[in-house]
Peer 1: 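Structure below; questions to follow.
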Amino acid sequence: MRILITNDDGIHAPGLKVLERIAKALSDDVVVVAPETDQSGVAHSLSLSDPLRLRKITDRHYAVKGTPTDCVIMGVRKLMIDNPPDLVLSGVNKGQNVAEDVTYSGTIAGAMEGTLLGIPSIALSQCYSPDGVFWECAATHAPGLIKKIMARGLPTGVLMNLNFPACAPEEVQGVALARQGRREQELMKIEARFDGRGNPYYWIAFERPAFLPGEGTDLEAVAQKRISATPLRLDLTDRAALDHFAETFA
């Protein structure tokens, strides 16, 4: 199996090194194509107005001055065009990608682009807490999960979003096949600060949300120290809304 890995935290991110360990537990044919700098929150964006700068680090490690989407395209359509990958892995992100995070995440976008290109793709994220980032949780559990997903096969147009809880590997309480949750948007706020000259600047800030037990969401799964596995479909069409508007546009 040939594996292409990418991320959104950048070529020097510790999570990328963890993902390379995970990939090498599955195959000895692994190619790394990651952003030159941190691209967190860029979502599924392309660099259309700027050229892509490709920097070769080794025969199997490349940095791209661009987004995670750019990296996957560069990997599949340029670097690996004669022998395309069988699997795209994106991550391991520092921090969870659950609920509406998936619409902002460059990590998810890397897997989205792989899926669009017809390659089975999986996004991996590691939750953290004030006690630190539990990288060994993902490193320990991801290889087995990926093997199971690949053996079962991903449906066309579907990527798998894996989130590992903020705990030691031996504390994981299993795997939850979870739906995408939703946070209360009232938890989002603008935090105002002042620089050294007294000029205001702002951060978008989030409070940690509660979840309702029994909802079966990704938020609930990771809070209960379970690995959250959520299949995400690229087709965003709302089938019920098609019926709802049928007469409107008849």
Peer 1: Lys225: what forms a salt bridge (Lys or Arg N to Asp or Glu O under 4.0 Å) with it, not counting sequence neighbours?
Peer 2: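 For Lys225 the salt bridge (Lys or Arg N to Asp or Glu O under 4.0 Å) partners, ignoring immediate neighbours, are Glu171.
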Peer 1: Who pairs with Arg77 by side-chain hydrogen bond (donor to acceptor under 3.5 Å, both in side chains), at least two apart in sequence or on another chain?
Peer 2: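 None.
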Peer 1: Quick one: list whatever passes side-chain hydrogen bond (donor to acceptor under 3.5 Å, both in side chains) with Thr67, sequence neighbours left out.
Peer 2: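 Once residues adjacent in sequence are excluded, the partners of Thr67 under the side-chain hydrogen bond (donor to acceptor under 3.5 Å, both in side chains) criterion are Asp70.
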Peer 1: Show me the side-chain donor-acceptor pairs of residues 34-41 shorter than 3.5 Å, one per line, residues at least two apart or across chains.
Peer 2:
{"residue": "Glu36", "atom": "OE1", "partner": "Arg55", "partner atom": "NE", "Å": "3.2"}
{"residue": "Glu36", "atom": "OE2", "partner": "Arg55", "partner atom": "NE", "Å": "3.3"}
{"residue": "Glu36", "atom": "OE2", "partner": "Arg55", "partner atom": "NH2", "Å": "2.6"}
{"residue": "Thr37", "atom": "OG1", "partner": "Gln39", "partner atom": "NE2", "Å": "3.3"}
{"residue": "Asp38", "atom": "OD1", "partner": "Ser40", "partner atom": "N", "Å": "2.8"}
{"residue": "Asp38", "atom": "OD1", "partner": "Ser40", "partner atom": "OG", "Å": "2.7"}
{"residue": "Ser40", "atom": "OG", "partner": "Asp9", "partner atom": "OD1", "Å": "3.0"}

Peer 1: Decide if atom CG of Asp235 counts as having more than 12 heavy atoms of other residues, nucleotides or ligands within a radius under 6.0 Å.
Peer 2: yes
Peer 1: Checking side-chain contact (heavy atoms from CB on, under 4.5 Å) for the pair Leu26/Met1: CA distance, chi angles, key distance, verdict?
Peer 2: CA-CA 8 Å; Leu26 304 168; Met1 180 165 60; 4.0 Å; yes
Peer 1: Taking only distance into account, with no hydrogens and no angle test, what donor-acceptor pairs under 3.5 Å do side-chain atoms of residues 107-125 form with protein atoms, sequence neighbours excluded?
Peer 2:
{"residue": "Thr107", "atom": "OG1", "partner": "Asp8", "partner atom": "OD1", "Å": "3.1"}
{"residue": "Thr107", "atom": "OG1", "partner": "Asp8", "partner atom": "OD2", "Å": "3.4"}
{"residue": "Thr107", "atom": "OG1", "partner": "Asn93", "partner atom": "OD1", "Å": "3.1"}
{"residue": "Glu113", "atom": "OE1", "partner": "His44", "partner atom": "NE2", "Å": "2.7"}
{"residue": "Thr115", "atom": "OG1", "partner": "Ala111", "partner atom": "O", "Å": "2.9"}
{"residue": "Ser121", "atom": "OG", "partner": "Ala111", "partner atom": "O", "Å": "3.4"}
{"residue": "Ser121", "atom": "OG", "partner": "Thr115", "partner atom": "N", "Å": "3.3"}
{"residue": "Ser121", "atom": "OG", "partner": "Ile119", "partner atom": "O", "Å": "2.8"}
{"residue": "Ser125", "atom": "OG", "partner": "Asn97", "partner atom": "ND2", "Å": "2.9"}

Peer 1: Using atom types as modelled and distance alone, determine if a side-chain donor or acceptor of Ser47 lies under 3.5 Å from a backbone N or O of Asp50.
Peer 2: no
Peer 1: Checking side-chain contact (heavy atoms from CB on, under 4.5 Å) for the pair Asn83/Arg2: CA distance, chi angles, key distance, verdict?
Peer 2: CA-CA 8 Å; Asn83 187 11; Arg2 193 159 211 228; 3.4 Å; yes
Peer 1: Go through the structure and list residues passing side-chain hydrogen bond (donor to acceptor under 3.5 Å, both in side chains) with Lys24, not counting sequence neighbours.
Peer 2: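 For Lys24, the residues satisfying side-chain hydrogen bond (donor to acceptor under 3.5 Å, both in side chains) (neighbours in sequence not counted) are Glu20.
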Peer 1: I'd like to know if Val18 and Val133 are part of one continuous hydrophobic network [Ile/Leu/Val/Met/Phe/Trp/Tyr, side-chain heavy atoms within less than 4.5 Å].
Peer 2: yes
Peer 1: Can I get a per-line list of side-chain donor-acceptor pairs under 3.5 Å for residues 137-153, giving both atom names and the distance, sequence neighbours left out?
Peer 2:
{"residue": "Thr140", "atom": "OG1", "partner": "Glu136", "partner atom": "O", "Å": "2.7"}
{"residue": "His141", "atom": "NE2", "partner": "Pro169", "partner atom": "O", "Å": "2.9"}

Peer 1: Looking at residues at least two apart in the chain, or sitting in another chain, which of them share a side chain to side chain contact (heavy atoms under 4.5 Å, CB included) with Leu242?
Peer 2: Thr237, Arg239
Peer 1: Other than Tyr201, what residues sit in its cluster of Ile, Leu, Val, Met, Phe, Trp and Tyr side chains whose heavy atoms are under 4.5 Å apart, directly or through others?
Peer 2: Trp203
Peer 1: Excluding sequence neighbours, so at least two apart, what forms side chain to side chain contact (heavy atoms under 4.5 Å, CB included) with Ala241?
Peer 2: Asp238, Phe245
Peer 1: Just jot down the side-chain hydrogen bond (donor to acceptor under 3.5 Å, both in side chains) partners of Arg193, sequence neighbours excluded, or say none.
Peer 2: Glu191
Peer 1: Apply the hydrophobic cluster definition, ILVMFWY joined by side-chain contacts under 4.5 Å directly or through others, and give me every member besides Leu46.
Peer 2: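 Listed partners: Leu48, Ile73.
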Peer 1: Got a sec: does the NZ of Lys17 have more than 12 other heavy atoms crowding it under 6.0 Å?
Peer 2: yes
